[in-house]
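Numbering of ligands and ligand atoms starts at 1, following listing order.
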Amino acid sequence: MSIRLEHLNYIYSPDTAYEKHALKDICLEIPGGEFVGVIGHTGSGKSTLIQHFNGLIKATDGKLFYNGENIYETGYNMKNLRNEVGLVFQYPEHQLFEIDVMSDVCFGPKNQGLSPEECKARALEALKLVGLKEKYYQASPFELSGGQKRRAAIAGVLAMRPKVLVLDEPTAGLDPKGRDDILEQVAYLHRQTGMTVILVSHSMEDIARYADRIIVMNHGEVMYNDKPKAVFAHYRELEQAGLAAPQVTYIMHDLRERGLSVNIDATTVSEAADEIVRALGMKTQGNTAAGGSRADGNAPGNQAQGSKTMENVK
Ligand code: ADP
């Protein structure tokens with residue numbers, strides 16, 4: 001599986017007063033099996049971009065290749081593309097409409113022409129993958145909590161067994177626990193099935209934690225397309241684009257400026273914690289000062305202060 005975009009442009013309402021050049025000369029390649037994060041300020045083109053991946057909207061010009069085939073060629077099998085690239089919209093639970101969860105999850109496979117038995121087997125598999133408890137299978141989608149509804153909606157897409165799962169802000173509006181649960185589940189799916197995951201998110205922390213690669217959109221253009229550490233190294237430029245790096249990036253830079261010899265490319269809390277422990281010359285277990293590796297005398301002081309720093313970071 002691979003997706004390749006060549007000089008892709010998209011213009012909303014061309015030749016009208018509402019014309020909007022939403023995507024500008026996008027060139028990208030997404031190889032199979034990657035976990036790709038897409039970030040950018042509101043209106044930067046993220047949603048427009050991902051709707052191209054399953055052919056939901058057609059580029060004004062440029063090419064999009066799926067597995068090496070140009071999807072805009074006449075005769076291209078769009079139905080197959082839509083089966084292989086599953087798109088989970090923002091607030092997907094708004095599209096739950098069947099009488100119970102099981103029927104809702106069966107909807108996609110039914111549309112694919114599968115038999116009732118196959119639909120049920122696919123639905124059971126998908127519901128298991130998203131971790132929704134069995135007691136909810138016969139419940140009305142409207143009886144579920146926000147997080148459960150979202151799991152059910154994601155299961156509806158997974159039941160079609162996509163090779164690529166595209167999620168547009170899947171955690172929007174959920175509480176922190178619901179947010180972590182959903183993302184952990186998506187990461188589990190990625191590990192378990194090897195499917196490509198393309199995740200649009202506002203949260204730099206989430207993206208830093210899960211993505212192998214980040215695409216940064218800015219005013220309809222790709223600003224960066226690189227590994228998280230390489231992208232977040234541009235944190236000043238990201239700020240200018242209305243974005244921020246993960247909080248730990250700022251903490252690490254701050255510590256470095258204050259004289260602690262930390263490597264500043266940590267992007268997750270646990271990486272930062274390990275790096276600070278290393279720089280302070282402490283043992284990870286037991287918080288005893290091992291001494292020796294601290295850069296200079298200006299580093300945040302003694303053992304007690306070191307522990308405090310760790311707590312604050314955690
Ligand atoms: P994002 O997902 O990053 O918030 P979008 O892809 O939704 O960005 O929007 C990109 C640009 O296209 C924005 O300027 C937005 O106002 C415009 N846009 C989005 N949808 C439409 C539409 N249906 N008609 C006209 N303009 C649109």
>> Please output the residues near ligand 1 using a strict heavy-atom distance under 4.0 Å, listed in chain and residue-number order.
In response: Tyr12, Lys20, Ala22, His41, Thr42, Gly43, Ser44, Gly45, Lys46, Ser47, Thr48
> If every non-hydrogen atom of Lys120 is compared with every non-hydrogen atom of Met102, which pair is closest and at what distance?
Replying inline: CE-CE, 4.1 Å
>> Suppose we screen for side chain to side chain donor-acceptor pair (under 3.5 Å). Which residues come up paired with Thr171, at least two apart in sequence or across chains?
In response: none
>> Count I, L, V, M, F, W, Y as connected when their side-chain heavy atoms are under 4.5 Å apart, and connections chain through other members. Are Leu260 and Tyr250 then in the same cluster?
In response: no
>> Checking Tyr137 now: which residues fulfil side chain to side chain donor-acceptor pair (under 3.5 Å) with it, not counting sequence neighbours?
In response: none
>> Run the side-chain contact (heavy atoms from CB on, under 4.5 Å) test against Phe107 and tell me which residues pass, sequence neighbours left out.
In response: Phe97, Glu98, Asn111
>> Given the ring of Tyr72, does Lys58 sit roughly above its face, with NZ or CZ under 6.0 Å from the centre of the six-membered ring and within 45° of the axis?
In response: yes
